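Take a look at the structure set out below.
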Amino acid sequence: MTDDLREYNFAYLDEETKRMIRRALLKALAIPGYQVPFASREMPMPYGWGTGGVQVTAACLVPEDRLKVIDQGADDTTNAVSIRSFFARTAGVATTERAAEATLIQTRHRIPETPLREGQILVYQVPIPEPLRFLEPRETETRRMHALEDYGLMHVKLYEDIARHGAISTAYAYPVKVAGRYVMDPSPIPKFDNPKLESAAIQLFGAGREQRIYAVPPYTQVVSLDFEDHPFEASKPDHPCALCGATDSYLDEVITDDAGARMFVCSDTDYCATRQAGGAA
Amino acid sequence: MTPLLQVEGVTRRYGARIGCEDVGFALWPGEVMGIVGESGSGKSTLLGCLSGHLAPDAGRVLYDAGSGGGAQDVTAMPEAARRRLLRTDWAFVHQNPRDGLRMNVSAGGNVGERLMAVGARNYGAIRARAEDWLGRVEIDTARIDDRPSAFSGGMQQRLQIARNLVSGPRLVFMDEPTGGLDVSVQARLLDLLRGLVRDMGLSAVIVTHDLAVVRLLADRLMVMKGGQVVETGLTDQVLDDPQHAYSQLLVSSVLQV
Amino acid sequence: MIHLENVSKNFTLHNQGGAAIEVIRGAFLSVAPGECVALTGASGAGKSTLMRILYGNYLTASGRVLVGGVDVAQAPPREILALRREVLGYVSQFLRVVPRVPTLEVVAEPALAAGAEVQAAQDRARELLARLNIPQRLWPLSPTTFSGGEQQRVNIARGFAHPYPALLLDEPTASLDAANRAVVLDLIGEAKARGAAIVGIFHDVEARAQVADREVDVSAFTPQAAGA
């Protein structure tokens, strides 16, 4: 099996494809938040399993990299495991579950709790890159709206939230304005993670089915949209983690038996494990 | 005083076919201009060209925003500037409210969109303005969170008007605003429009084939046929003493009630 | 105030073989402030045509139509609209209003259009409606459902809401009872007293005798050849 996979080019994609993707990535970094079209390839996995993120990762990987893959914060879910092993085989790169040790982290729906540092790359899997999509289905129109900075509609969405629920109920994929110009969908991360979008690491977003790449360069201003009288709040369940006791991390609610007993635990498994090992609990 | 809108030689062709040809007129602040003609006479094409939705093949549409900067040719404006105009100083009321409303957004969101587009960021204030406007177009403010799909045709049309007028525009384009409505609902809408035109000092260009509508709303009339203007004048002069053969036919074809 | 000079009027009926009908030729008329001139002549002689020429509804073939210094025959629509708003009132035989608008607003509208304050315009409207014996309970209703006589009185109230310097009256006393007729004649008298120049058509001979200073027979302007 391992021998068979050696027939593939480093990191699966051919060099011409990587070149095309890298060009898109450079353009995306040059225009923070702008969705750059790219010729997304068929990948050996179904759409919705991170085909965009995988292509971006493949285009960024070098043999010296140490790769971490998380899905909803966890390193041990099917999606994370299969993508990690995919690159371990096709690129032969080292892998890790430690955010601090990784040079490249591919993620689905979370930003690690451990602050990222310069030199690290965070690659997001993006299902729907267009933040205006649900309000304006025409792609021609949304592109024009981005071009003309015609973003009134984005606040209409938030207005609708407050009108219906009394507060901005958008809890994930919470829209942001990047570098004071483009409105961007940060992928379905919980809004708790939004403040972490202002980071020292390079953040790259890949949408495979929609064939779009966008990026947030290090230390770029990322503002979550809101109203003066309904300001943005990075909320999370009001509990400590049942395993490590952390009060500052995003929590998953886990049902533990048929009687409905539940516990709240860190969604970031690495963060939780590190704290438990360090005796922080 | 200078004209709000000065239209010169506006021409739009669809291949060999003429949409509208060499149309010119001046619209003054507070004036309501009616454009009548049968289907295919070019009135909607002309309205599209005037309102920036269609690019004319020739001609100029000069708009004086009254800011002291003089008149600007709307057809030559960068699109960003034209769009800004369309959501602030101008308004466009479509015949079918579905074209002018966001059907999956609440009535309040529909009315508030223009405000948010120009930077309103206080939810309470936006909502208060929306409530005020729903009241002005006689929609029960209790329905502010309902979607337009739950409204009757007449209510949808009134909502579209509120959505357009909330930004305090100076010029409103209307394409058959009472088309497709019951007669009793039409009357209510006409009354509303007339009141708004008078109270807000609006200028308007109204395209319609309904001569009763222009009789009640328009100060001046332009009769179009085959893409060309065949007659212009005071509304009651054109209706009472039409000069062109086509205008005479149009006027004499109206059923008297 | 009102001067017609050598005015003629033709109709060309394009849809009836291009038939050209000359209805008025060489019309002269002059009305001074405070004067009321009654147009007379047989039915079809052109009285209403002349009124419509004065109001700008009909275009003319030649001549000048001066009202308050504006040549209605030549002026652009904008100037005619301003003239109608401020200077020239017209009480037609038929009330034409937007349905659903309350009577009080219908009557107050001309004064508002001429720039009056809302309160003043409504006070004036109430006064006129009361004088013309329109029951107060009808004021909040649209006049479209009123009887012919009531509509005519609302129309008259509307015509007198603003103190126009020039006034055209087309059968103002038709279909009115004696009491209301007297009110209308009083209103006309008051308008004259404040200096309005009035042109009227009165089939009611007594009324005409009471308010008209002069009569002008429009048959004199009817082209004989036309036989109209």
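Note that these values count all heavy atoms, side chains included, but never hydrogens, waters or copies made by symmetry. We name chains A, B, ... by the order of the sequence lines, and we start the count at 1 in each one. Remember, it's a predicted structure, so these values are computed and weren't measured experimentally.
- Between B:I126 and A:Y159 there is a side-chain heavy-atom pair separated by less than 4.5 Å.
- Within 6.0 Å of CZ in A:R23 there are 12 or fewer heavy atoms belonging to other residues, nucleotides or ligands.
- Shown here is B:D199, whose CG atom has more than 12 heavy atoms of other residues, nucleotides or ligands within 6.0 Å.
- Other residues, nucleotides and ligands contribute only 12 or fewer heavy atoms inside 6.0 Å of the CD atom of B:Q72.
- With chain B as the partner, the residue from A:K157, A:E228, A:E136 showing the most heavy-atom pairs under 4.5 Å is A:E228.
- Of all residues spanning residues 133-159 of chain B, those with a heavy atom less than 4.5 Å away from chain A's heavy atoms are B:I144, B:D145, B:R147, arranged by number.
- When the salt bridge (charged side-chain N to carboxylate O under 4.0 Å, His left out) test is applied to B:E113, the partners found at least two apart in sequence or on another chain are B:R102, B:R163.
- Shown here is A:R117, whose CZ atom has more than 12 heavy atoms of other residues, nucleotides or ligands within 6.0 Å.
- Considering only residues two or more places apart in sequence or on other chains, A:D150 meets the salt bridge (charged side-chain N to carboxylate O under 4.0 Å, His left out) condition with B:R83, B:R87.
- The parts of A:H155 that come within reach of chain B are both its backbone and its side chain, each placing non-hydrogen atoms under 4.5 angstrom from that chain.
- For A:L135, the parts sitting under 4.5 Å from any heavy atom of chain B are the backbone and the side chain alike.
- Applying the salt bridge (charged side-chain N to carboxylate O under 4.0 Å, His left out) criterion to A:E113, with sequence neighbours excluded, gives A:R110, A:K196.
- Among B:E79, B:M116, B:R121, the residue with the largest count of heavy-atom pairs under 4.5 Å with chain A is B:R121.
- The environment of A:R19 atom CZ is sparse: at most 12 non-hydrogen atoms of other residues, nucleotides or ligands sit within 6.0 angstrom.
- Side chain of A:D229 to backbone of B:Y123: a donor-acceptor contact under 3.5 angstrom is found.
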